[in-house]
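This report concerns only the one structure given below.
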Amino acid sequence: MDARLEQLIKDARSDGSCALRAAARLMSIMTNQPQRLGELLAGSRDWPQPRLVLGVTGAPGSGKSTITDHLAAEFRDHFPERKLGIVAVDPSSPFTGGALLGDRVRMMRHASDPHVFIRSLASRGHLGGLALGARGVVRVMGLIGCDTVIVETVGVGQSEVEIAQNADLVVVVLAPGQGDSVQMLKAGLLEAADLFVVNKSDREGADLLHQQLLSMLQRQRLARLDLASTPGEPMTCGGPMLTGPQGIVDERATPAVRVALDNETPPVFRCSAIKHEGVAELMMELKGLTDRHAVDWQNRRKGQTIEEIRLAVLEEVRRRVSDRLAPGRKGYEELERATEGNRSMAALVDELLYEAAAAGRGLQSSGC
Amino acid sequence: MNAAVKPRILIGKPGLDGHDRGAKYVAQILRDAGFEVIYTGIRRSPEQIVDTAVQEDVAAIGLSLLSGAHLALFTRVLELLHDRGADDIVVFGGGTIPPKDIPRLKEMGVAEVFTPGTPARQIVAAIDDCLLHHSVM
Amino acid sequence: MSATEEQVDHIKQAVERWNAGPVAKLLAKFPEQRAKFVTASDRQVERLYAPEAATIDRYAEKLGLPGEYPFTRGVQPTMYRGRFWTMRQYAGFATAEESNQRYRYLLEQGTTGLSVAFDLPTQIGYDSDDPMAAGEVGKVGVAIDSLADMETLLDGIPLDRISTSMTINATAAVLLAMYIAVGEKQGVPPEKLNGTIQNDILKEYIARGTYRFPPGPSLRLISDIFAYCTEKVPNFNTISISGYHIREAGSTAAQEIGFTLADAICYVDTALQAGLKVDDFAPRLAFFFAAHSDLFEEAAKFRAARRLYARIMKERFGAVNPKSLMLRFHTQTGGVTLTAQQPDNNVVRVTIQALAAVLGGTQSLHTNSKDEAMALPTEESVTVALRTQQLIAYESGVTNTVDPLAGSFYVEKLTDDLEVEAEGIIKLIDARGGMVAAIEQGFVQKQIEESAYRYGQSIDNGERVIVGVNKFTGDEPPTINLFEVPESTTQRQLDKLRGVRASRDVARVEAALAAVKQAAVGSENLMPPILAAVRAYATVGEICSTLAGVFGEFSESTN
């Protein structure tokens, strides 16, 4: 690590007036230098880490930023001494590479709160719903003492997979009138969630969405129970729509703020951020989960770190090999020869890997 | 350094003025020009704008004002940037600003002032120019 | 086929022959200037328009007569032959003293109504000494903190004879109460007061930004005002539902009508839910539109808006009083069309726009001054703007007959098309659960933003020419004299506010504010306690922060 980086790290951890600026610049390094990301992440593994990294995902328009904003307010009320970090990812334009990062508009009340640090990121063509450096930004938030970090995804593409690999808990936000919500559930979001929020619960269609979700969870639950106990028994579909914590069905009752089919099934919260309903309950649930599961998360994070190293290794291999395949380089000529059938593909790969290994020897940092 | 990464820019509306057409349009043309633009929305305090700029590590702040409060609000934003050790962030502005106030704003440290009708090309070129020597981390 | 249809068919065939024959031949040699001609709102325009059978066959239903349903041709039978529109110049700056002088000057020059511009702290409900007001006091309008300022503002202006329009929304109840209280002091009872409060909060969330409270309580304040005025201040227009700011924010002409009438629908629904009867309050609903430079499209816009509104009030709300069906409106020429480059050109733009408003049958008109892209107008530039209206009224001859553009094949087609498009927009809002929901979803803002972006791009890529901006540019420096708000304004206003706070009966103020709070928590009409607080010299900021304590504060959070 260079001296400048060391200085920034030192400044960011200090109480000095330049701490915030230094942290912000560190975040820029994390996001702007993908070729160094592996090294940077490796170097940051012994930094203090947040107790909870909370992923917030869901279709565009479901109200992720509003939920994030209200969770932040609840967090600040509950833990006036603790710091909160927020990472909000918006898509980059595939045509110009530019981006309009507007999530902050909904969070401006926290802008001057010294206990809240908000960072907007552009996805920059990264398809996983986060930005490439998001993990590094979370690390820096840990470095400056954030107790909790909320990571809000783009909400399109494969958000659910990547956020699950980067967060301790994943909240999936759904809203009525967003045709995408149910589609996304079918496409994998259902499995990724630790908690569900049916947002805009005052809106028409919220009850229907709530029921659709519970019924999907119920189907999943019955499938699991059937598999566990009596395999071969025909699977029951549908089932109770509104099941309270005790499993009592009452279709006439106003659905409760929190509904959980059982302890194994992610609970569903009905929230109306605009009307300040449901977010406090969500916050308390998150607090309870953090207190109970912090130890499990250490294992989960270890898994994430392995994944992080794996990706860094792959990235480094890709970088070294693709360098050699750039037009004008020797590898490129080999490619041309391969088109003429004068070169075996397997031999070419072996040769490239050999050269890439030689290139790294003695040059590359100790990162991974 | 990474040559491919363009600097980030904050577009904000300080004070009580709610006319955001110009601010939004400038945010859009900067996005079209490949910048990452952080938009704050209307009715923000100078403190909120400067704190946002620092957290987002932007290279420039663009402020749009149609309320005539530009002298007071630009002064405050520049003061706060100084207090936070962020004088290197370029500040530019636009809106209904009388020609006579432009030299005063520039003297204060405002890099560029765009009045109504300034073509998008010209705004983008001027900002590119201001940020030419800015180093992106 | 009716006889008219046969004739029209005949004409259309002739036009087709003409297009295919002589026109095509000419085009081969001399192509037109562009492949596609569009209006200022991107509506495609044909080379030539032919008559439509419906204009004759369904004349009564589509056009009718002036002063009669559906009011396409105007809301009064004789229009400007009877009386010109009200020439009303929006003005206000610095403190009440300076603004009072400007009003007296304007009245001497022949304006026939006042239009008060308040500064932003007053519009949002902050006193001049609030940290949020820093730098803004007296800048875009006059600073009003308490009744004392309002007394000065209206000093020497007879409120029983002059009608006053006040651009005030979030804090409309407070400023209206002050106006009533000044009337009392002048010996003018509320029932003799004439004027308009803008009081249109929905378009603040959409386009203008001077909201303070969330939509629910804001709508309640509005229906409280409706109820109170119906009974006590019957000649006041209790709302001016404004498309102007929607257009300024970048909407098209059709969106301006569609979103504005969708706002109107929301206000009518709110008042009906509060138990009012449509024919009791609807006659006091007024409108406010922009006039831009596309002369025919703009004139047609006003005609389309009148017809669509009449139909909505009759068919959707079952109003029967003809006054409930009439869309009466104020017009302002388009602020966004003014350019800082070659400012004299703005006089010409304003003339065309004012003409569009008059041809469209406006009830009152503000003409912008040439220097307003840079600052508040000087007295000289305001005078030219006013003279522009007087010239149209007295010299142009367009006022001699009612609805002079009726029957123009082009204008009737534009009127029909704009009406259809605006009605489609209203349906979209209905489908989203009404205007409040559509605003909360960011839908309306997004639509306007997209139109603004397209318009901006069309100028930036040269498809649309703005004289002096992207064509015929010169490098002459604008050497024009601009108005400046006196630097001493803030200090003088703060001194006055301090004086008021020191001399009033504190116990009375506190009791009055407690009563406001109690009414806000409950459901009784807020106007009487606000009026009592105003009379006790409670300030705009004190009353509004009391209300905010109960209602909460709104802040921008939509797309």
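Here is the naming used below: chain letters follow the sequence lines, and residue numbers restart at 1 for every chain. Note: hydrogens, waters and symmetry copies are ignored here, and every other heavy atom, side chains too, is used.
With a 4.5 angstrom heavy-atom cutoff, B/Leu71 does not touch chain C via any of its atoms. Proximity to chain B (any heavy atom under 4.5 Å) is restricted, for C/Glu372, to the backbone atoms N, CA, C and O. Only the backbone of C/Ala249 comes within contact range of chain B, with at least one heavy atom under 4.5 Å from a heavy atom of that chain. When heavy atoms are compared at a cutoff of 4.5 Å, B/Lys13 does not approach chain C at all. Using a 4.5 Å cut-off between heavy atoms, B/Ser67 touches chain C through backbone and side chain atoms alike. Of the two parts of B/Ala72, only the side chain, counted from C-beta on, holds a non-hydrogen atom closer than 4.5 Å to a non-hydrogen atom of chain C. In this structure, no portion of C/Pro131 lies under 4.5 Å from any heavy atom of chain B. Looking at B/Ile42, both its backbone and its side chain come within 4.5 Å of chain C, counting heavy atoms on both sides. Contacts of C/Gln457 with chain B are made by both backbone and side-chain atoms, with heavy-atom separations under 4.5 Å. Only the side chain of C/Tyr455 comes within contact range of chain B, with heavy atoms under 4.5 Å apart.
Taking CG of B/Asp17 as the start and CZ of C/Arg208 as the end, the distance is 9.5 Å to the nearest 0.5 Å.
Aromatic ring pairs are classed by plane angle as parallel below 30°, tilted from 30° to 60° and perpendicular above 60°; the pair C/Tyr244 and C/Phe288 is parallel. Below 30°, between 30° and 60°, or above 60°: for C/Phe93 and C/Phe483 the angle between ring planes is above 60°, a perpendicular geometry.
For the set C/Asn461, C/Asp460, C/Val140, C/Val137, the count of heavy-atom pairs under 4.5 angstrom toward chain B peaks at C/Asp460. With chain C as the partner, the residue from B/Asp32, B/Ile29, B/Thr75 showing the most heavy-atom pairs under 4.5 Å is B/Asp32.
Remark: the C/Ser451 side chain and the C/Gln255 side chain contain an N/O donor-acceptor pair separated by less than 3.5 Å. Using modelled atom types and a 3.5 Å distance limit, the side chains of C/Glu98 and C/Thr95 yield a donor-acceptor pair. Judged by distance alone, the side chains of C/Asp127 and C/Thr539 do bring a donor and an acceptor atom under 3.5 Å apart.
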Test side-chain contact (heavy atoms from CB on, under 4.5 Å) on C/Asp42 and C/Thr252; report intermediate values, then the result.
CA-CA 8 Å; C/Asp42 248 351; C/Thr252 63; 5.8 Å; no

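A salt bridge links B/Arg8 to B/Glu56: one of the charged nitrogens lies within less than 4.0 Å of a carboxylate oxygen.
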